[in-house]
There are 2 protein chains.
Amino acid sequence: MATFDPTPYQPLTPAMFQVLVSLADGEKHGYGIIKEVARRTDGEVRLRTATLYTVIKRFVDADLIEETDERPDPALDDERRRYYRLTDRGWALAEAEAARLEEVLRQARAHLSRPRRA
Amino acid sequence: MATFDPTPYQPLTPAMFQVLVSLADGEKHGYGIIKEVARRTDGEVRLRTATLYTVIKRFVDADLIEETDERPDPALDDERRRYYRLTDRGWALAEAEAARLEEVLRQARAHLSRPRRA
DNA sequence: AGGCAATCTATCCATTGTCAATATAGTCTA
DNA sequence: TAGACTATATTGACAATGGATAGATTGCCT
């Protein structure tokens, strides 16, 4: 596969990163992403529909996520739903962003753990 | 001291967090912050002056940082410089944001480390 | 039966954060 | 003397987000 350089997409906004993380857990539809993120963050992160559907559109255009044809058991399905999953590029970006955040945190901890200046 | 609730300021933008982290290391002037962040991140994070001076103004207004009167050795000083340091609130916010990022990362790792869905 | 909350996708508008560019001005160096 | 570096600052444009709204369906409570 052609090498993918994630850096032009970084840093991701908190909303974008949450969308990728949520889809890393398994494919989901839009409203399902909103619910999963809210549940996972104890209601602290509430994606708005304006934000979510804007992000979804951009991510699909950038081939970071893709809509799937697979439908769950018709008994559990809702025809309105549109399901999305991460592409290889999306996975690579999510992992690159996690690595970036870890480096930021490492440096922050190095500065913050020092005793307060005199 | 009155309890300080950092959550209304969160999440911080990457630029804002970098400014707090940089000042946690010791008081600095504007251009010094730009240089320190660039050096620390190997040139990957380059704060722009428009961003930096906007952030500084907002942080001073919010009592997260404050301008200092202390001047270094006159031989090393530059009259144009304006030095800033973190306030107690600024420290609390920087630490709260580091904690928030750690939680985001913990969850991201939990999702990303799982084997790719079939 | 009636109403209300939840589900689900979607868009409009205003605000905010960022970058690119520009301004000003002094110092230092090739 | 031209360019790079230091240093603070503003303007204009764009991108990301929140608040609000829309519309349609489903399930629950009284």
Side-chain angles (χ1 to χ4, degrees), chain A residues 7-20 22-23 27-39 41 43-62 64-65 67-68 71-72 74-84 93 97 104, chain B residues 7-20 22-23 27-39 41 43-62 64-65 67-68 71-72 74-84 93 97 104:
Chain A
T7 55
Y9 296 99
Q10 294 179 284
L12 291 176
T13 63
M16 291 182 196
F17 189 51
Q18 289 291 353
V19 170
L20 292 186
S22 187
L23 289 179
E27 63 182 59
K28 287 182 187 60
H29 60 99
Y31 193 70
I33 294 172
I34 291 174
K35 287 292 154 194
E36 190 273 333
V37 171
R39 184 186 53 70
T41 63
E44 281 175 33
V45 180
R46 269 171 259 176
L47 292 177
R48 309 301 167 131
T49 58
T51 305
L52 180 74
Y53 293 109
T54 303
V55 167
I56 285 176
K57 195 172 292 174
R58 204 151 5 108
F59 277 4
V60 169
D61 289 345
L64 295 165
I65 66 176
E67 194 170 351
T68 71
R71 309 298 304 189
L76 299 171
D77 197 20
D78 184 324
E79 283 180 15
R80 297 170 295 175
R81 291 177 178 169
R82 303 178 63 182
Y83 286 85
Y84 301 92
L93 178 55
E97 182 67 3
V104 167
Chain B
T7 54
Y9 297 98
Q10 295 180 282
L12 291 176
T13 63
M16 291 182 196
F17 189 51
Q18 289 292 353
V19 170
L20 292 186
S22 188
L23 289 179
E27 62 183 58
K28 289 184 187 59
H29 60 100
Y31 193 71
I33 295 172
I34 292 173
K35 288 292 156 192
E36 190 274 334
V37 171
R39 183 184 53 68
T41 64
E44 279 174 35
V45 180
R46 269 170 262 176
L47 293 178
R48 309 301 167 133
T49 59
T51 305
L52 180 74
Y53 293 110
T54 302
V55 167
I56 285 178
K57 194 172 292 174
R58 204 153 5 107
F59 277 4
V60 169
D61 289 345
L64 295 166
I65 65 175
E67 195 171 349
T68 71
R71 309 297 303 189
L76 299 171
D77 196 20
D78 184 322
E79 284 180 15
R80 298 170 295 177
R81 291 177 178 169
R82 303 178 63 181
Y83 285 86
Y84 301 91
L93 178 56
E97 181 67 4
V104 167

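Only heavy atoms go into these numbers, but all of them, side chains included; no hydrogens, no water, no symmetry mates.
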Legend entry - End axis versus end axis in the helix from C/dA1-D/dT30 to C/dA30-D/dT1, the angle rounded to 10°, five pairs used at each terminus: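 Axis angle across the helix from C/dA1-D/dT30 to C/dA30-D/dT1, nearest 10°: 10°.
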Inset, instruction - Would you kindly compare B/P14 and A/H29 by the position of their nearest DNA chain C nucleotide and give the one closer to the 5′ end? - result: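 Mapping each residue to its closest nucleotide by heavy atoms, the 5'-most match is A/H29.
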So do the side chains of [X] and [Y] get within less than 4.5 Å of each other, counting heavy atoms only?
{"X": "A/L64", "Y": "A/R58", "answer": "no"}
{"X": "A/E97", "Y": "A/Y9", "answer": "no"}
{"X": "B/L23", "Y": "B/K28", "answer": "yes"}
{"X": "A/Q18", "Y": "A/I33", "answer": "no"}

Inset, instruction - State which residues pass side-chain hydrogen bond (donor to acceptor under 3.5 Å, both in side chains) with B/E67; sequence neighbours excluded, sorted by chain then number. - result: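 Here the qualifying residues are B/R82.
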Inset, instruction - Identify, with sequence neighbours excluded, every residue that meets side-chain hydrogen bond (donor to acceptor under 3.5 Å, both in side chains) alongside B/R81. - result: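 Once residues adjacent in sequence are excluded, the partners of B/R81 under the side-chain hydrogen bond (donor to acceptor under 3.5 Å, both in side chains) criterion are B/H29, B/Y83.
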Legend entry - Closest-nucleotide 5' rank along DNA chain D - winner of A/R80 and A/A15: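 Looking at the nearest nucleotide for each, A/A15 comes out on the 5' side.
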Legend entry - Span of DNA chain C in contact with chain B (heavy atoms, under 4.0 Å):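 Contact boundaries, 5' end first: C/dG17 to C/dA25.
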Using whole Å, report how far [atom1] of [X] lies from [atom2] of [N].
{"X": "B/D78", "N": "D/dA9", "atom1": "CG", "atom2": "P", "answer": "13 Å"}
{"X": "A/I34", "N": "D/dG18", "atom1": "CD1", "atom2": "C1'", "answer": "13 Å"}
{"X": "A/E79", "N": "D/dT25", "atom1": "CD", "atom2": "P", "answer": "11 Å"}

Measure from the side-chain N and O atoms of [X] to the backbone N and O of [Y], and report whether any donor-acceptor pair falls under 3.5 Å.
{"X": "B/T54", "Y": "B/A50", "value": "yes"}
{"X": "B/T41", "Y": "B/V37", "value": "yes"}
{"X": "A/E36", "Y": "A/S22", "value": "no"}

Inset, instruction - Enumerate the residues from residues 44-56 of chain B whose closest heavy atom to DNA chain C is under 4.0 Å, giving them by residue number; use none for an empty result. - result: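 B/R48, B/T49, B/A50, B/T51, in order of number.
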Legend entry - Residues forming a salt bridge (Lys or Arg N to Asp or Glu O under 4.0 Å) with A/R48, sequence neighbours excluded: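 Expected list: none.
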Inset, instruction - Could you tell me which non-hydrogen atom of B/I56 sits nearest to which non-hydrogen atom of B/G30, and how far apart they are? - result: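 Scanning both residues completely, I find the closest heavy atoms to be CD1-CA, 4.2 Å.
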